[in-house]
A.B. asks: 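This structure is in structure tokens; I'll ask about it shortly.
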Amino acid sequence: MREYENDKTIYTYCGVLLPFSSRPYSFRTEDKTIKIGDTVIVPVGENEKEMKGQVVSIGQYSRLGVPYPVEKAKMIIRKAEDNSNGKSQNADN
């Protein structure tokens, strides 16, 4: 446990609500543009099937305070494309 005490990294965790669950799951991210309400793609299950979920919380923690162990936490793959307005997420409008 001593090596954890020297870890000064701040980890960002997102609570992601998945379609099959009434409680959010914790995923790590390094994408500072993700915000509450965003739809993201996350790996789910042993096969790490890509699934859409909605970000319902975001927190930053030291290693000793993380909601799920750093070594076991899965990373958010990416934001989901939002084509609801007919424009690409990368449009320069």
Side-chain angles (χ1 to χ4, degrees):
M1 185 97 146
R2 287 193 186 266
E3 68 273 7
Y4 294 172
E5 293 171 2
N6 293 327
D7 185 352
K8 304 296 184 207
T9 305
I10 298 298
Y11 297 94
T12 301
Y13 278 73
C14 294
V16 177
L17 196 57
L18 299 171
F20 60 82
S21 178
S22 60
R23 69 169 186 87
Y25 284 79
S26 291
F27 290 88
R28 285 182 48 212
T29 187
E30 293 178 358
D31 182 346
K32 302 212 183 304
T33 67
I34 291 176
K35 59 189 181 305
I36 292 173
D38 283 349
T39 300
V40 293
I41 306 297
V42 296
V44 176
E46 290 181 19
N47 297 332
E48 300 201 349
K49 178 183 174 191
E50 290 188 7
M51 186 174 287
K52 284 185 181 180
Q54 184 174 26
V55 177
V56 295
S57 65
I58 300 173
Q60 294 185 321
Y61 308 89
S62 67
R63 181 180 283 271
L64 294 175
V66 295
Y68 196 75
V70 173
E71 295 76 21
K72 294 181 180 180
K74 294 180 181 180
M75 298 290 288
I76 290 175
I77 297 170
R78 65 183 179 277
K79 283 187 188 180
E81 292 294 322
D82 178 13
N83 293 325
S84 59
N85 61 5
K87 295 178 183 169
S88 167
Q89 193 174 25
N90 296 327
D92 291 329
N93 306 9

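When reading the values below, keep in mind they use all heavy atoms of this one structure, side chains included, and skip hydrogens, waters and symmetry mates.
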A.B. asks: Treating Ile, Leu, Val, Met, Phe, Trp and Tyr as nodes and any side-chain heavy-atom pair under 4.5 angstrom as an edge, say whether L18 and V55 lie in one connected cluster.
C.D. replies: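 As far as the 4.5 Å side-chain criterion goes, V55 and L18 are connected within one cluster.
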A.B. asks: Just do the side chain to side chain contact (heavy atoms under 4.5 Å, CB included) check on C14 and V40 with the steps written out, would you?
C.D. replies: CA-CA 10 Å; C14 294; V40 293; over 6 Å; no
A.B. asks: Would you sort out whether K79 and T33 count as a side-chain hydrogen bond (donor to acceptor under 3.5 Å, both in side chains), showing the intermediate values?
C.D. replies: CA-CA 9 Å; K79 283 187 188 180; T33 67; 3.2 Å; yes
A.B. asks: So, for A80 and I41, which heavy atoms are closest and what is the spacing to 0.1 Å?
C.D. replies: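 That closest heavy-atom pairing would be CB-CD1, 4.0 Å.
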A.B. asks: Should Y61 and Y68 be regarded as members of a common hydrophobic cluster, given that ILVMFWY residues are connected when their side-chain heavy atoms come within less than 4.5 Å of each other, either directly or indirectly?
C.D. replies: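 In one cluster with Y61: Y68, yes.
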A.B. asks: If you round to the nearest 0.5 Å, how far is OG of S62 from CD1 of I10?
C.D. replies: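 It comes to 6.0 Å.
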A.B. asks: Would K74 and R28 count as a side chain to side chain contact (heavy atoms under 4.5 Å, CB included) if you check the C-alpha gap in whole Å, the side-chain angles of each, and the deciding distance to 0.1 Å?
C.D. replies: CA-CA 6 Å; K74 294 180 181 180; R28 285 182 48 212; over 6 Å; no
A.B. asks: Start with the C-alpha distance between D31 and T29, add both sets of side-chain angles, then the distance that settles side-chain hydrogen bond (donor to acceptor under 3.5 Å, both in side chains), and finish with yes or no.
C.D. replies: CA-CA 5 Å; D31 182 346; T29 187; 5.3 Å; no
A.B. asks: Look at the rings of Y13 and Y11 and say which category their plane angle falls in: under 30° parallel, 30 to 60° tilted, over 60° perpendicular.
C.D. replies: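 Rings of Y13 and Y11: perpendicular, over 60°.
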A.B. asks: Rounded to the nearest 0.5 Å, how far does OG1 of T12 lie from CD of Q60?
C.D. replies: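 Q60 atom CD to T12 atom OG1 measures 4.0 Å (nearest 0.5 Å).
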A.B. asks: Could you tell me the separation between the CD1 atom of I77 and the CZ atom of F27, rounded to the nearest 0.5 Å?
C.D. replies: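 If I round to the nearest 0.5 Å, the distance is 8.5 Å.
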A.B. asks: In sequence, state the C-alpha distance, the side-chain angles, and the governing distance for M75 and E30, and then conclude on side chain to side chain contact (heavy atoms under 4.5 Å, CB included).
C.D. replies: CA-CA 8 Å; M75 298 290 288; E30 293 178 358; 4.0 Å; yes
A.B. asks: Could you measure the distance from the CG atom of D38 to the CZ atom of R78? Nearest 0.5 Å is fine.
C.D. replies: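 Going from CG on D38 over to CZ on R78, the span is 14.0 Å.
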A.B. asks: Do P24 and V56 have side chains that get closer than 4.5 Å, going by heavy atoms?
C.D. replies: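 With C-beta onward as the side chain, the pair touches.
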A.B. asks: For the residue pair F20 and M51, what are the closest heavy atoms and their distance?
C.D. replies: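 Residues F20 and M51, closest heavy atoms: CE2-SD, 3.5 Å.
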A.B. asks: Determine, step by step, whether V42 and E50 satisfy the side chain to side chain contact (heavy atoms under 4.5 Å, CB included) criterion, reporting the C-alpha distance in whole Å, the side-chain angles of both residues, the deciding distance to 0.1 Å, and the verdict.
C.D. replies: CA-CA 6 Å; V42 296; E50 290 188 7; over 6 Å; no
A.B. asks: Validate the cation-pi geometry between R23 and Y25: distance from NZ or CZ to the six-membered ring centre under 6.0 Å, angle to the ring axis within 45°.
C.D. replies: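 Yes, R23 and Y25 form such a contact.
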A.B. asks: Determine, for K52 against E81, whether the closest basic-nitrogen to carboxylate-oxygen distance falls under 4.0 angstrom.
C.D. replies: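 No.
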